[in-house]
Each structure stands twice: as C-alpha cells, then as structure tokens.
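Counting begins at 1 with the first residue of the sequence. Every value quoted in this text rests on a predicted model; they were computed, and no experiment measured them.
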Amino acid sequence: MGGSRIRNRLIYAPMREDQERRSRSTRLLASLALGATLAIGGGCQQPELNTLDKVVELGEVVVVTRPGATTYYLGPDGETGLEFDLAQGFAEFLGVGVRIITAHSIDEMFDAVTQGHAHFAAGGVAITEARRQRARFGPPYQDVTQQVVYRFGSDRPTGLEALNGGRFQIASASAHAERVASMQNDYPDLAWEYADGPAEELLARVWTREADYTVAHSHLVAVQQRYFPELRVAFDLEGTQSLAWAFPHSKDASLYQAAERYFAEIKENGQLARLLEKHYGHLREFDYVGTRVFMRHIEERLPHYRAWFEEAAEANGLDWRLLAAMAYQESHWNPRAVSPTGVRGIMMLTQATARDLGLDQRTDPQQSIDGGARYFRHLWDRMPSEIPEPDRMWMAVAAYNIGAGHVAGVRHITTLRGGNPNSWADVKENLPLLQQREWYQQTRNGYARGNEAFVYVENIRSYYDILLWTMDREPHLVRGPRPQVVAAQ
C-alpha cells in the first residue's frame with residue numbers, strides 16, 4: 001500500500017512527550033490500525049473508548065496531509081500552510097497536540113485514513129461523488145474552481161474542444177481527472193494523458209513547455225503564478241468544488257462531530273476567514289509585468305545588497321527576505337531612488353527619520369538598509385502585544401508606509417465597524433476608510449492614503465513569497481560577492 005511512502009513529519013504538543021507518553025502513543029496507533037480492544041487486568045474488558053476519547057487519552061490527533069504550497073510546507077518560521085494551521089487549531093480545540101504525517105498522493109492519504117494510520121486527511125481534498133465512497137467528509141471550509149491552464153505565448157484555448165492535438169496532462173486519481181472523464185460523452189474527441197505527481201508539478205511542466213495544458217484548482221493557480229508568471233487561465237470548468245477533511249466511514253462519529261463543532265466555531269468567530277486571508281488574501285490581483293521584472297531584479301540587483309540585508313536583519317531579529325521585499329516595494333533596490341515627497345534611498349527614509357537613526361547619508365545603501373531595519377524593528381515593537389503574529393508583523397509593515405498612528409487609527413475604525421482590531425484581515429479592509437472624512441475624523445491622526453497602504457502591504461507579501469520560493473529553489477541565484485554600490489540598471 002501507499003503507506004510505505006508516508007513520512008512522519010512533526011510532533012506539535014502543548015507539552016514535551018516523555019517515555020510513558022511515547023509508549024502509550026505506540027499502543028494506541030496499533031489499536032487504530034488493527035482494531036484491537038484495550039484490555040485491563042483481571043480478565044475483564046473495559047468498554048471500547050470512542051475515537052475522540054482515544055485522541056484525548058493519547059494526547060494528540062494524527063493527521064495525514066500532502067506537502068504543497070496550499071497545504072503544508074516548511075516556511076521561514078517552521079511548519080506552515082493552511083491545512084497545518086487548521087489541524088493545529090483543531091488540536092488546540094481538543095486540548096491535545098497534533099502529529100502530522102505526509103503522503104504523496106490523494107490515494108495514499110485515503111489509505112492512511114482507512115488503514116488506521118491517521119485519524120483524518122487534511123490535504124486540500126475536493127469533495128467528489130467517487131471520493132464519498134471512500135471517506136466521510138467534514139464541513140467544507142473553502143470553495144475553489146477547476147481551471148484549465150496554458151502558458152502565455154501559446155494560443156489560448158477557448159474550450160475543451162480546442163485542446164485536441166495538444167499535450168493535455170491531468171494528475172491521475174485527482175478531482176480534475178474525475179471531472180474531465182465525466183465530460184467525455186460531450187467531447188468524444190477529447191484526449192489527455194494521466195501524469196504522476198501533484199497538480200503543482202503539472203503546472204511547472206506547462207511552464208517549461210513539457211505539457212501544453214493542465215487542470216488545477218484556482219487557489220493553487222493563483223499561488224503558482226507568483227513563481228511561474230507565464231501561467232495563464234484559459235477558462236474555468238463549470239461549477240465550484242468544496243475542500244474538506246476526510247474521515248473514515250465508521251459508526252463511531254465522535255471525532256467527526258468534534259470537527260463539525262470546531263469548524264462551526266471558527267466560522268462564527270472569524271478565525272477561518274483570517275486563516276484564508278493569511279494564506280491567500282494577497283493573491284487577488286496578478287501583475288504579470290511586475291512579477292516578471294521583480295524576478296529579473298532578483299538575479300541582477302539583489303546580489304549586490306543581499307549581505308547587507310542579511311546583516312541588518314540578523315542584528316534586528318528580522319527575516320532578511322522580508323526586509324528585502326520591503327526595500328523592493330520602496331525603491332526596486334535602487335539606492336538612488338527618490339520619491340515625489342522627498343524620501344530617498346533603498347529603504348526610502350525621510351530626512352528626519354535618517355537623522356533620528358544617526359545616518360549620515362540616506363542614499364548610501366548600507367546605511368539605508370541598516371536604518372530601515374532598525375526603524376521597522378522599532379515599529380514592530382510598538383505594535384500592541386495582544387496582536388498575534390503574523391498579523392502584528394503586517395501591521396508593522398503598514399506602519400512603515402503610513403505611520404504607527406494611522407495604523408492605530410484604522411484599528412479604531414475596525415472596532416467601530418464591528419471587526420477585530422487585532423486581525424490584519426479585518427484591519428486591511430478598513431484602510432481605505434482613512435481617506436473618507438466620515439471615518440478619519442474619528443481617529444487621532446486624521447487622513448492617510450489608506451488605499452496606498454493596502455496595496456503596499458499586499459505587494460510586499462507577494463514579493464516575500466517569491467523570495468522565499470526562490471531561496472528554496474535556487475539559492476545560488478542571489479548569492480553574490482561582498483556588496484558594493486552600483487548604479488541601478
């Protein structure tokens with residue numbers, strides 16, 4: 001079975017495991033896999049605990065997922081991804097830890113669930129009728145669209161009939177394969193080939209011209225366009241699909257019912273919306289030209305300044321890639337940049353801020369990067385401690401653009417409008433109101449260009465994503481010699 005490829009990736013728990021707990025974990029996983037009944041002394045058998053009780057006794061819930069940009073991956077601060085955040089939240093809801101195991105396909109995830117190696121699958125699984133035969137699906141948490149994708153520069157197909165003659169690849173055993181196969185009667189000449197690997201790999205094949213077309217879910221396409229800017233959506237297949245967790249078919253629905261309560265709670269309190277915003281909120285608009293130019297500047301400009309970004313970030317407890325993303329939004333890594341308002345240099349510092357930071361020359365790139373890092377760290381530290389991360393970080397980024405006072409003002413507006421002032425998802429939607437007299441008059445600092453701040457942060461989030469991906473994929477691209485001052489090209 002596919003379980004031989006499943007890998008244990010992580011243990012997260014409120015407390016460290018000791019030897020007794022590890023022993024209990026082994027016993028319980030065995031009982032899950034073999035369906036054994038727990039016997040206790042004297043020849044008497046205790047009633048079988050339900051699954052939820054077993055999870056609580058074990059102290060962790062076991063979740064199988066797939067590595068991927070929309071599910072689970074290693075970020076700069078450790079494990080992350082929407083599925084990881086949701087699973088971790090569910091574990092906290094239950095008062096236990098979470099153990100993540102990874103599989104390489106949907107089939108392997110279903111095998112892990114049906115054979116008792118995991119309590120449920122959380123891997124961006126789309127609900128289909130065929131899959132309902134294999135698993136019980138929890139509450140839907142995200143709706144997506146299946147999209148046919150091609151590479152810019154090729155003729156754009158306008159419908160399935162236009163795919164004939166091209167290399168049309170679909171991930172085997174995927175929801176896309178089910179959907180396209182169901183349409184064969186309407187398109188008898190439609191031909192495709194099944195390919196191993198996830199949809200992410202097929203999107204990369206389209207980009208490298210190893211394939212002409214593929215099908216992927218809309219949220220994954222939006223993410224991958226940041227890294228492969230020439231990917232284009234030709235058209236949507238009809239209808240939407242819902243993503244949900246997959247539980248085993250069983251008379252014991254205790255854990256499934258707990259998941260229902262969890263999703264009802266996070267939908268009601270806004271946590272689900274905040275998680276979706278955290279992972280996808282900055283992907284609303286795709287700028288092909290800007291993304292293409294940015295990736296070229298990663299190769300041509302960033303190597304001259306990377307060491308200074310790294311040094312300044314380390315000195316101030318920052319991620320250098322975030323600092324570099326901010327600098328790119330400010331100046332496109334041009335040390336001679338000047339704005340209409342008079343701010344200058346790579347980090348676009350005002351004359352007053354540069355003076356307060358003790359800088360002699362704002363246009364000196366090393367001084368500018370060092371000063372910008374210290375100023376950003378100061379803004380971050382000023383953000384109220386009740387704001388959780390990464391919301392606090394993004395509010396500090398917004399403060400770099402419009403000032404901490406205006407961020408406090410928009411948080412006040414968010415509260416007045418019934419939102420959560422500690423949630424970046426809520427706060428950013430109210431930023432444009434800083435330009436409306438009805439609202440900015442109710443703040444201490446008054447008017448600000450809130451629309452600009454909104455775009456500012458969203459762009460930085462996109463640049464940051466691309467830098468993270470680039471460093472993981474081809475770190476040598478931006479590993480240059482000791483930095484030196486050069487003219488922007």
One thing to verify: whether Asp381 and Arg377 come together as a salt bridge, which I'm taking to mean a side-chain N less than 4.0 angstrom from a carboxylate O.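 A salt bridge is present here (some side-chain N lies under 4.0 Å from a carboxylate O).
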Can you name the nearest heavy-atom pair linking [X] to [Y], along with the distance?
X      : Y      : result
Gln147 : Ser218 : OE1-CA, 3.4 Å
Ile100 : Ala87  : CD1-CB, 4.4 Å
Pro139 : Glu260 : CG-CA, 3.8 Å
Ile127 : Pro140 : CD1-CG, 4.3 Å
Pro229 : Thr291 : CG-CG2, 3.6 Å
Tyr456 : Val397 : CE2-O, 3.4 Å

Who passes side-chain hydrogen bond (donor to acceptor under 3.5 Å, both in side chains) against [X], sequence neighbours left out?
X      : answer
His378 : none
Tyr187 : none
Ser242 : Asp143

Is there a donor-acceptor contact under 3.5 Å linking the side chains of [X] and [Y]?
X      : Y      : result
Thr128 : Glu178 : yes
Trp207 : Glu230 : yes
Glu386 : Asn422 : no
Asn430 : Thr414 : yes
Asp85  : His279 : yes
Ser254 : Asp252 : yes
Tyr464 : Asp319 : yes

Are any side-chain N or O atoms of [X] and backbone N or O atoms of [Y], one a donor and one an acceptor, separated by less than 3.5 Å?
X      : Y      : answer
Glu108 : His104 : yes
Thr65  : Ala122 : yes
Gln436 : Pro432 : no
Ser423 : Asn420 : no
Asn316 : Ala312 : yes
Glu83  : Thr70  : no
His406 : Ala448 : no
Thr214 : Gln169 : yes

With sequence neighbours left out, write down each residue that passes salt bridge (Lys or Arg N to Asp or Glu O under 4.0 Å) with [X], or none if nothing qualifies.
X      : value
Glu452 : Arg449
Arg205 : none
Arg136 : none
Glu129 : Arg132

With a 6.0 Å cut-off on the ring centroids, do Trp245 and Phe90 count as close?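 Ring-ring flag for Trp245/Phe90: true, centres closer than 6.0 Å.
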What about the rings of Tyr150 and Tyr213, do their centers lie closer together than 6.0 Å?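 No, ring centres 6.0 Å or more apart.
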Take atom [atom1] of [X] as the centre, draw a 6.0 Å sphere, and report whether it contains more than 12 heavy atoms from other residues, nucleotides or ligands.
X      : atom1 : answer
Asp196 : CG    : no
Glu193 : CD    : yes
Glu238 : CD    : no

Identify, with sequence neighbours excluded, every residue that meets ring-ring contact (aromatic ring centres under 6.0 Å, His included) alongside [X].
X      : value
Phe93  : Tyr262
Phe152 : Tyr288
Trp380 : Phe376
His219 : Tyr280

What's the verdict on side-chain contact (heavy atoms from CB on, under 4.5 Å) for Leu86 and Leu275, showing C-alpha distance, side-chain angles and the deciding distance? CA-CA 8 Å; Leu86 286 171; Leu275 288 176; 3.7 Å; yes
Quick one: is the NZ or CZ of Arg274 closer than 6.0 Å to the six-membered ring centre of Trp424, and within 45° of its axis?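 No; the conditions do not both hold, so Arg274 does not lie above the ring face of Trp424.
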Evaluate Lys54 against Glu48 for salt bridge (charged side-chain N to carboxylate O under 4.0 Å, His left out), listing each step before the verdict. CA-CA 9 Å; Lys54 290 177 179 179; Glu48 177 77 7; 2.4 Å; yes
Given side-chain contact (heavy atoms from CB on, under 4.5 Å), test Asn451 with Gln435 step by step and report yes or no. CA-CA 8 Å; Asn451 279 325; Gln435 295 174 234; 3.2 Å; yes
How are the rings of [X] and [Y] set relative to one another: parallel (under 30°), tilted (30 to 60°) or perpendicular (over 60°)?
X      : Y      : answer
Phe110 : Phe137 : perpendicular
Phe168 : Trp192 : perpendicular
Tyr141 : Phe263 : parallel

Starting from the C-alpha separation in whole Å, work towards a yes-or-no answer on side-chain contact (heavy atoms from CB on, under 4.5 Å) for Met395 and Arg392. CA-CA 5 Å; Met395 290 191 203; Arg392 193 164 180 247; 5.9 Å; no
Sub-4.5 Å side-chain heavy-atom contact between [X] and [Y]:
X      : Y      : value
Pro248 : Thr114 : no
Val56  : Leu94  : no
Phe294 : Leu467 : yes
Arg151 : Arg232 : no

Tell me the salt bridge (Lys or Arg N to Asp or Glu O under 4.0 Å) pairs involving residues 210-219, sequence neighbours left out?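 Residue pairs with at least one partner in residues 210-219: Arg167-Asp212.
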I'd like to know whether Arg134 forms a salt bridge (charged side-chain N to carboxylate O under 4.0 Å, His left out) with Asp111, so could you lay out the CA-CA distance, the side-chain angles of the two residues, the decisive distance to 0.1 Å, and finally the verdict. CA-CA 9 Å; Arg134 302 183 66 182; Asp111 286 344; 3.7 Å; yes
Report the C-alpha distance between Val148 and Leu163 in whole Å, list the side-chain angles of each, state the deciding distance to 0.1 Å, and finish with yes or no for side-chain contact (heavy atoms from CB on, under 4.5 Å). CA-CA 10 Å; Val148 175; Leu163 305 183; 4.3 Å; yes
